Visitor: 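Take this structure, written in structure tokens, and hold onto it; I'll ask about it next.
In this text the structure is predicted, and so the values were computed from the model without any measurement. FYI, side chains are in, hydrogens and waters are out, and symmetry mates aren't considered; it's all heavy atoms of this structure. Starting from 1, each residue takes its place in the sequence as its number.
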Amino acid sequence: MSETKKRKLTREEKRLIREAVKRARGTGKYPATAQQTIPYQRMSPDGICRVGETLYSKTIRFEDINYQLSMQEEQETIFAAWKRFINSFDCSMQFQMAFYQGTVL
């Protein structure tokens, strides 16, 4: 079994550790609600949330549809609406979608 040689920390290393501990402790105040844990800059009345300088978030709730069981004309209407929605985003915009399939309480 080899022994690890112990050495003392330098002043600079001690200072860096103190600063890291101070940052980790933060203000010592903890959020009272779940909403206070979500970092955002501004919430608009329409539900669009500004989460960064040029980053926004929006949650949309939609009803379940069965596309495959729909009539041809209804499928075309659904698809056309979906295309308009996707094409409403400029190609320079960062765009991400996530779907949750389940019961939302």
Visitor: Are Met93 and Ile86 linked, directly or through other ILVMFWY residues, by side chains that come within less than 4.5 angstrom of each other?
Guide: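 Yes, because Met93 and Ile86 connect within a single hydrophobic cluster, where side-chain heavy atoms sit under 4.5 Å apart.
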
Visitor: Please, which pairs that meet salt bridge (Lys or Arg N to Asp or Glu O under 4.0 Å) have at least one residue in residues 8-18, sequence neighbours excluded?
Guide: Arg7-Glu13, Glu12-Arg15, Arg15-Glu19

Visitor: Run the side-chain donor-acceptor check on residues 69-79: report pairs under 3.5 Å with partners two or more places apart or on a different chain.
Guide:
from	atom 1	to	atom 2	distance (Å)
Ser70	OG	Asn66	O	3.0
Gln72	NE2	Glu76	OE2	2.9
Gln75	NE2	Tyr67	O	2.8
Gln75	NE2	Ser70	O	3.4
Thr77	OG1	Glu73	O	3.0

Visitor: For residues 48-55, which side-chain N or O atoms pair as donor and acceptor with protein atoms under 3.5 Å away, sequence neighbours left out?
Guide:
from	atom 1	to	atom 2	distance (Å)
Arg50	NE	Gln41	OE1	3.2
Arg50	NE	Gly52	O	3.1
Arg50	NH2	Glu53	O	2.8
Arg50	NH2	Glu53	OE2	3.2

Visitor: Go through the structure and list residues passing side chain to side chain donor-acceptor pair (under 3.5 Å) with Ser92, not counting sequence neighbours.
Guide: Asp90

Visitor: Could you name each residue pair satisfying side-chain hydrogen bond (donor to acceptor under 3.5 Å, both in side chains) that touches residues 79-89, not counting sequence neighbours?
Guide: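 Qualifying pairs: none.
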
Visitor: What's the separation between atom CE in Met97 and atom CZ in Phe89, rounded to the nearest 0.5 Å?
Guide: 7.5 Å

